[in-house]
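First listed ligand is number 1; within each ligand, the first listed atom is number 1.
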Amino acid sequence: MLIRRFRPGDSAAIRPSEITSEHAYLNRRKLLQAALAAGVAGLGAGWMSDAGAVTDLKVERNAKYSVSDPPNSYQDITSYNNYYEFGLDKSDPAELSSRFKPSPWTVTVKGEAENTGTFALEDLLKPHTIEERVYRLRCVEAWSMVVPWDGVPLGAVLKQFKPTSKAKYVAFKTVLRPSEMPGQRSGSLDWPYIEGLRIDEAMNPLALLAVGLYGKTLPNQNGAPLRLITPWKYGFKGIKSIVEIRFTEKQPPSTWNISAPHEYGFYANVNPNVDHPRWSQARERKIGAGVFGSRVPTLMFNGYEQEVASLYKGMDLKKYY
Ligand SMILES: Nc1nc2c(c(=O)[nH]1)N[C@H]1C(S)=C(S)[C@@H](COP(=O)(O)O)O[C@H]1N2
Ligand SMILES: [Mo]
């Protein structure tokens, strides 16, 4: 359906069950697993199989970069997803990503940097503490969640590659694996998914390379094993399953901007004053707040104005949307 390819995300109805706690969710999974082990068929194996592959992480909560809003449940965060490589519906990524293999994983670093090459993910992470940061996530479709992400500051990882003075931007690429990603066998977007940041945005302490959530490695539907989080920008900037990082002198292209340039700009900062051409961005619906949702005003830069406003001083944010 044509109209759907122009929405980074989409507006499928919320499920009425969005208040299940992580604990209840995991217990339910255990019961289902036990039932399956006992040979009981037809209990939704697809729904539960990939999140079952997660393992515990050693994390340290970073209170300085955490909001006090109560986080969404593990179930909300892992069952209401946008990941077009696995389909367009919110439930598709959880249901259709179980065959995806996030390990072993390497990241190839290219372009304007001294230390380029292909690196094992573990080696990139080794020098860092994995921080847990509770961030707001605001989708351009006007819904939001609060997520305890686990990851390392993007800037600290980028510095390992020693970017040169020509590195004005950094570009990211998602893995291309049509055999494991059914959405990539369709033309819903140009594959692989690509994104980019200006280098000073990438170095901002809020930018996080996430490897987990709720103290566990990322489930496939959330972008295992490595994805970007820029909480002051719309969710679509948070590219998943990253395999390539490239430092560039010129502004790199990005998937949603290629798909619909008048609707999705390079910056994609959360801005209640700049409406999407087809809907308002002034308010957002909080996922998990019940069937009718709770609509609250959207904040400039998703509430992270103090941390990031200086990056855009002097820029006309209606032009650079
Ligand atoms: N590779 C890739 N990354 C992606 C997307 C996608 O379709 N493909 N969707 C984006 C959108 S629109 C959103 S809102 C967030 C959702 O992240 P979540 O599913 O972990 O909440 O992922 C972003 N990253
Ligand atoms: Mo989104």
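Using a 4.0 angstrom heavy-atom cutoff, Phe86 does not count as in contact with ligand 1.
Among the atoms of Tyr84, some N or O lies under 3.5 angstrom from an N or O of ligand 1. Looking at ligand 1, you'll find an N or O of Asn81 within less than 3.5 Å of one of its N or O atoms.
No part of Met145 comes within 4.0 Å of ligand 1, judged by heavy-atom distances. Contact annotation for Phe172 and ligand 1: no heavy atom of the residue comes within less than 4.0 Å of the ligand. Of the heavy atoms in Phe236, both backbone and side-chain atoms come closer than 4.0 Å to ligand 1. Contacts of Lys237 with ligand 1, taken as heavy-atom pairs under 4.0 Å, are absent altogether. When non-hydrogen atoms are compared, ligand 1 lies under 4.0 Å from the side chain of Thr174 (C-beta onward) but not from its backbone.
For the atom pair Thr164 OG1 and Glu249 CD, the distance stands at 8.0 Å (nearest 0.5 Å). For the atom pair CZ (Phe100) and NZ (Lys240), the distance works out to 11.0 Å, reported to the nearest 0.5 Å. Between the CD atom of Glu85 and the CH2 atom of Trp191 there is a distance of 4.0 Å, given to the nearest 0.5 Å.
Set against the non-hydrogen atoms of Asn222, the atoms of ligand 1 under 4.0 Å away are 18 (P), 20 (O). Listed by number with element, the atoms of ligand 1 under 4.0 angstrom from any heavy atom of Gly238 are 4 (C), 22 (O), 23 (C), 24 (N). When each atom of ligand 1 is checked for a heavy atom of Trp149 under 4.0 Å away, the hits are 20 (O). Counting the atoms of ligand 1 from 1 in the order shown, those under 4.0 Å from a heavy atom of Asn82 are 5 (C), 9 (N), 11 (C), 12 (S), 13 (C), 14 (S), 16 (C), 19 (O), 22 (O).
In this comparison of Trp256, Trp143, Tyr83, Tyr193, the heavy atom closest to atom 4 (C) of ligand 1 sits on Tyr193. Comparing Lys240, Arg138, Gln184 by heavy-atom distance to atom 18 (P) of ligand 1, the nearest is Lys240.
A donor-acceptor contact shorter than 3.5 Å links the side chain of Asn204 to the backbone of Leu206. Between the Asp150 side chain and the Gly215 main chain, a donor and an acceptor come within less than 3.5 Å of each other. Looking only at distances, a side-chain donor or acceptor of Thr217 sits under 3.5 Å from a matching main-chain atom of Thr55.
Note: Phe119 and Phe161 meet the aromatic proximity criterion, with ring centroids under 6.0 Å apart. Taking the six-membered ring for Trp, Tyr65 and Trp149 have ring centres at least 6.0 Å apart.
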With salt bridge (charged side-chain N to carboxylate O under 4.0 Å, His left out) as the criterion, how do Arg61 and Glu132 come out once you've worked through the C-alpha distance, each side chain's angles and the decisive distance to 0.1 Å? CA-CA 4 Å; Arg61 171 72 66 104; Glu132 184 152 281; 3.6 Å; yes
